[in-house]
Amino acid sequence: MPSIENNLDLKFFARAGRIITFKKGETILRPGENPTGIYYIKKGLVRLYSISASGQEVTFNIYKPNTYLFMMWALSEIDNNYFFEALPEVETIKASKEEVVEFIRNEPDLLYRLNRRTMVGLEAIIGTSQTLLFGNAGSKISAILIMLSRRFGKNGKNNHITINIPLTHRLIATLAGLTRETTSLEIGKLEKEKIISKKQRFFVINKMK
């Protein structure tokens, strides 16, 4: 059942916004471009990433349904320096920055929930970043899978957790800051030890500990 927060979001965007869809792999925004409004994700996933001077892609976040795109820009007016890409097909509702900011100001409970979500997300990013900075390749892949299971995981039988988004080795590599070859090698080790497995397009964590 949708939360009160999401009901408020949907009611507002249904009134003030218009539906915009993006095809799988389509770039929604590029560095140097500023948004023309705030997008509420109804369906699909959006990847936030950057490309280093050497050409390596680094993924910083994956936005899921019932979240906002470009809220940082709306509240701080910081210029955009990132790529935003639709992973599967994405359906959004777009509203103007001014209307969204005014809406949030008039809904203290929603503002509290957004702040709380931001703080929880920041804590997770800090914890994962520590492992990515100081860990070896195996611990980096494990940290990313744990983070994804917390955000997108669904509990199943025998305490197995299915990560309910389609993940490729390439995408996991960009999250971990590793090459695709190293990522595939480390994933293979985890599969051989039956710590993780695949169910159709989804990774399953069999042994979280």
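Since the structure is predicted, the reported quantities are computational estimates derived from the model, not experimental observations. Only heavy atoms go into these numbers, but all of them, side chains included; no hydrogens, no water, no symmetry mates. Sequential numbering from 1 along the given sequence is applied to the chain's residues.
Using a 4.5 Å cut-off between side-chain heavy atoms of Ile, Leu, Val, Met, Phe, Trp and Tyr, with links allowed through other members, Tyr39 and Val101 fall into the same hydrophobic cluster. One hydrophobic cluster, built from ILVMFWY side chains closer than 4.5 Å, holds both Ile20 and Val100. Hydrophobic clustering (ILVMFWY, side-chain heavy atoms < 4.5 Å, transitive): Val204 and Leu167 are in distinct clusters.
In terms of heavy-atom proximity, Leu69 sits nearest to Ile38 at O-CG2, 3.5 Å. Looking at every heavy atom in both residues, Ala137 comes nearest to Leu178 through O-CD1, 3.9 Å. Gly44 approaches Pro65 most closely through the heavy-atom pair O-CD, 3.3 Å. Contact between Ile62 and Leu87 at its shortest, heavy atoms only, is CG2-CD1, 4.1 Å. Contact record, Leu175 with Ile144: O-CD1, 3.5 Å, taken as the closest heavy-atom pair. Heavy-atom minimum distance, Glu186 versus Ile141: CB-CG1, 3.8 Å.
No side-chain N or O of Tyr49 forms a donor-acceptor pair with one of Asn61 less than 3.5 Å apart. Side-chain contact annotation: Ser184 with His169, donor-acceptor N/O pair under 3.5 Å present. Inspection of the Ser142 and Ser139 side chains reveals no N or O donor paired with an N or O acceptor under 3.5 Å. Of the N and O atoms on the side chains of Lys43 and Thr21, not one donor lies less than 3.5 Å from an acceptor on the other residue.
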Exercise for the section: Take Met147 and Arg150 through the test side-chain contact (heavy atoms from CB on, under 4.5 Å) and record every step on the way to the result. Expected result: CA-CA 5 Å; Met147 181 269 291; Arg150 288 173 176 166; 5.9 Å; no
Practice task
Decide side-chain contact (heavy atoms from CB on, under 4.5 Å) for Ile19 and Thr92; before the verdict, give the C-alpha distance in whole Å, the side-chain angles of both, and the deciding distance to 0.1 Å.
Solution key: CA-CA 6 Å; Ile19 293 177; Thr92 68; over 6 Å; no
Handout entry: Evaluation steps, side-chain contact (heavy atoms from CB on, under 4.5 Å), between Thr59 and Leu171
Key = CA-CA 8 Å; Thr59 298; Leu171 178 56; 4.0 Å; yes
Exercise for the section: Dump the intermediate steps for salt bridge (Lys or Arg N to Asp or Glu O under 4.0 Å) on Glu89 and Lys23, then the final yes or no. Expected result: CA-CA 5 Å; Glu89 182 177 271; Lys23 296 178 182 178; over 6 Å; no
Practice task
List the steps, then state whether side-chain contact (heavy atoms from CB on, under 4.5 Å) holds for Phe70 with Asn34.
Solution key: CA-CA 9 Å; Phe70 316 132; Asn34 282 325; over 6 Å; no
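The aromatic ring centroids of Phe60 and Tyr82 lie less than 6.0 Å from each other. Ring centroids of Tyr68 and Tyr63 are separated by 6.0 Å or more, keeping the two rings apart.
Looking only at side-chain heavy atoms (C-beta outward), Ser50 and Asn81 stay at 4.5 Å or farther from each other. Contact of the Phe152 side chain with the Leu45 side chain is registered, since non-hydrogen atoms from C-beta on lie closer than 4.5 Å. In this structure, the side chains of Lys154 and Ile161 stay at 4.5 Å or more apart for every pair of heavy atoms. Contact annotation: the side chain of Val46 never approaches that of Lys64 to less than 4.5 Å [non-hydrogen atoms, C-beta and beyond]. Looking only at side-chain heavy atoms (C-beta outward), Ile163 and Phe202 stay at 4.5 Å or farther from each other. Side-chain contact between Val58 and Ser52 is absent, with no heavy atoms from C-beta onward closer than 4.5 Å. Using a 4.5 Å cut-off on side-chain heavy atoms (C-beta onward), Phe83 and Ile51 make contact.
Separation of atoms CD (Glu191) and CD1 (Ile196) is listed at 5.0 Å; rounding is to 0.5 Å. Put simply, CZ on Phe22 and CD1 on Ile41 are 10.0 Å apart, with the number rounded to the nearest 0.5 Å. In this structure, Leu185 CG and Ile187 CD1 are separated by 10.0 Å, a value rounded to the nearest 0.5 Å. Taking CD from Glu85 and CD from Glu26, the interatomic distance works out to 10.0 Å, rounded to the nearest 0.5 Å. Distance CZ/Phe84 to CD1/Ile28: 8.5 Å, rounded to 0.5 Å. Taken to the nearest 0.5 Å, the CD1 atom of Ile195 stands 11.5 Å off from the NZ atom of Lys189.
The environment of CG in Asn159 is sparse: at most 12 heavy-atom neighbours from other residues, nucleotides or ligands sit within 6.0 Å. In this structure, Met208 places its CE atom where more than 12 heavy-atom neighbours from other residues, nucleotides or ligands lie under 6.0 Å away.
With hydrogens and angles disregarded, a donor-acceptor distance shorter than 3.5 Å links the side chain of Glu33 to the backbone of Arg30.
The cationic group of Lys198 lies under 6.0 Å from the six-membered ring centre of Phe203 and within 45° of the ring axis, placing it in a cation-pi geometry.
The pair Arg170-Glu57 counts as a salt bridge, with a side-chain nitrogen and a carboxylate oxygen less than 4.0 angstrom apart.
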